[in-house]
Amino acid sequence: MTSEWAWTGRVDGTDPEHLRWHQVVTAYRPGGDPGACVFVGFASDEGVRRNQGRQGAADGPDALRRALSPMALPAPLRAFDAGTITVTDRRLEEGQRRLGTTLSALLDADAFPVVFGGGHEVAYGSYLGLANSTLTAPRGVAPSTAPSRSKPTVGILNLDAHFDLRCDRLPSSGTPFRQILEADDTVRYAVIGISQPSNTAALFDTAHRLGVRYLLDDDCDPARVTTFVDEFLAGLDLLHLTIDLDVLPAAIAPGVSAPAAYGVAPAVIQSVCDRVTASGKLVTADVAELNPVFDIDHRTARTAARLVHRLVTRHENRCGTAVRK
């Protein structure tokens, strides 16, 4: 794992009321504070390249770190950075496996991993991490020997304009959830923000065949989204939240692989983050498709950072891991 330290910014003071993210994030070392957030980067363009999208998302992790760094904290907290896994020489599958191994170790250490992508192929690596962690096995039983009937129910909630259920010869940013559902038929998958013009009839057919729940971007009014999220959460024990930034309108998120002509309002996306955090079922999250090459005025990075800020500070408050001085 490699990455230059991107957590820098203005310092107004070191007392609790002055703190910003860059002042509290430190390098992760195993054995750290249980329950604390740990950021992991996944620098990958390979999935986007294979999916014929515009490349540049490999630079997303550090762009997101830089956007989050100067944001002011409502209260002191503990947060760590475990570095960045970089996909090189088009070896996407190896990178996803390394991400999975890293996340499994973090989850087993009772951390709250938040992954900065990278293309949406990051979601498959995050799934591998959760699927191979002790969280998915009965207490005291190794995942490889746990009877499937005793496993907790795992759900993936994707905020995205696309299903990402493509059937391609090679895994890509367009295939992760089909890969997951075909590998593990116990996983439940739901998507908020689907753009009908961006998904073929064949993809809708695939979604119906695989039992995918979804909400079209046209239908994402606050009340309907709240009902959708609550009904999905009700049947789950553990939740993996994955946010593809192309779910947002292009004017707000121009720096993505495939900008949305319509999109879902940021306030609605933020409300989903609040809802899943309050449920107590959220165990990991990832943010995908930040492409700094096309990010006018850093709009996308700043919006993504605001969502991460919201997720983590609310998670910290709920779990009681915020530092009070």
Side-chain angles (χ1 to χ4, degrees), residues 1-9 21-22 24-30 32 36-50 53 55-71 78-107 109 111-130 132-133 171-173 176 240-245 255-257 284-293 295 298 300-302 304-305 307-309 311-312:
M1 284 191 273
T2 60
S3 180
E4 295 182 4
W5 192 252
W7 299 97
T8 60
W21 275 101
H22 71 89
V24 302
V25 177
T26 58
Y28 177 72
R29 297 288 183 269
C37 172
V38 179
F39 298 115
V40 181
F42 185 69
S44 173
D45 260 334
E46 179 58 16
V48 175
R49 186 194 69 81
R50 294 181 187 182
Q55 296 177 58
D59 294 325
D62 277 351
L64 185 42
R65 288 178 172 106
R66 286 191 293 270
L68 184 59
S69 285
M71 289 189 173
R78 291 180 288 264
F80 302 91
D81 191 329
T84 295
I85 294 166
T86 302
V87 172
T88 57
D89 300 324
R90 300 186 175 179
R91 296 161 69 178
L92 172 59
E93 294 82 354
E94 178 187 317
Q96 289 170 321
R97 287 192 294 270
R98 285 190 285 134
L99 176 60
T101 299
T102 298
L103 259 63
S104 291
L106 291 173
L107 290 166
F112 174 50
V114 177
V115 186
F116 295 167
H120 213 174
E121 60 267 27
V122 66
Y124 186 69
S126 295
Y127 158 75
L128 292 176
L130 180 53
N132 291 302
S133 74
S172 73
S173 62
H240 164 197
L241 176 67
T242 180
I243 304 174
D244 187 324
L245 295 168
V256 294
S257 300
T284 188
D286 52 62
V287 180
E289 303 286 357
L290 173 56
N291 188 330
V293 175
D295 198 12
H298 310 293
T300 318
R302 287 172 174 162
L307 292 173
V308 171
H309 173 88
L311 272 172
V312 177

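Note that this is a predicted model, so its numbers are computed, not measured.
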Minimum heavy-atom separation for [X] to [Y], with atom names?
| X | Y | result |
| --- | --- | --- |
| Ala301 | Ala67 | O-CB, 3.5 Å |
| Ala63 | Pro292 | CB-CG, 3.6 Å |
| Ala57 | Pro61 | O-CD, 3.8 Å |
| Ala58 | Ala43 | O-CB, 3.3 Å |
| Tyr127 | His240 | N-CE1, 4.1 Å |
| Ala36 | Phe80 | CB-CE1, 3.8 Å |

Any non-hydrogen side-chain atom of [X] less than 4.5 Å from a side-chain atom of [Y]?
| X | Y | result |
| --- | --- | --- |
| Leu103 | Val115 | yes |
| Glu289 | Val48 | yes |
| Val24 | Arg78 | no |
| Thr84 | Arg65 | yes |
| Thr102 | Ile85 | yes |
| Val287 | Leu307 | no |
| Leu241 | Leu311 | yes |

Are [X] and [Y] close enough for a salt bridge, meaning some N to O gap below 4.0 Å?
| X | Y | answer |
| --- | --- | --- |
| Arg50 | Glu93 | yes |
| Arg97 | Glu94 | no |
| Asp295 | Arg302 | no |

So Val256 and Thr300, side-chain contact (heavy atoms from CB on, under 4.5 Å) or not? Walk me through it. CA-CA 8 Å; Val256 294; Thr300 318; 3.9 Å; yes

Between [atom1] of [X] and [atom2] of [Y], what distance do you get to the nearest 0.5 Å?
| X | Y | atom1 | atom2 | value |
| --- | --- | --- | --- | --- |
| Leu290 | Asp59 | CG | CG | 9.0 Å |
| Thr8 | Arg66 | OG1 | CZ | 8.5 Å |
| Leu64 | His298 | CG | NE2 | 13.0 Å |
| Ser126 | Asp286 | OG | CG | 4.0 Å |
| Thr86 | Phe42 | OG1 | CZ | 9.0 Å |
| Asp45 | Gln55 | CG | CD | 5.0 Å |

Classify the angle between the aromatic ring planes of Trp7 and Trp21 as parallel (below 30°), tilted (30 to 60°) or perpendicular (above 60°). tilted

Start with the C-alpha distance between Arg49 and Arg90, add both sets of side-chain angles, then the distance that settles side-chain contact (heavy atoms from CB on, under 4.5 Å), and finish with yes or no. CA-CA 9 Å; Arg49 186 194 69 81; Arg90 300 186 175 179; 3.6 Å; yes

Would Phe39 and Phe116 count as a close aromatic pair, with their ring centres under 6.0 Å?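 When the ring centroids of Phe39 and Phe116 are compared, they turn out to be within the sub-6.0 Å range.
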
Does [Y] offer a backbone N or O that forms a donor-acceptor pair with the side chain of [X] under 3.5 Å?
| X | Y | answer |
| --- | --- | --- |
| Glu46 | Arg91 | no |
| Ser133 | Ser104 | no |
| Gln96 | Gly125 | no |

Report yes or no: do His120 and Ser172 form a side-chain donor-acceptor pair below 3.5 Å? no

Derivation of the side-chain contact (heavy atoms from CB on, under 4.5 Å) call for Thr284 and Val114: CA-CA 6 Å; Thr284 188; Val114 177; over 6 Å; no

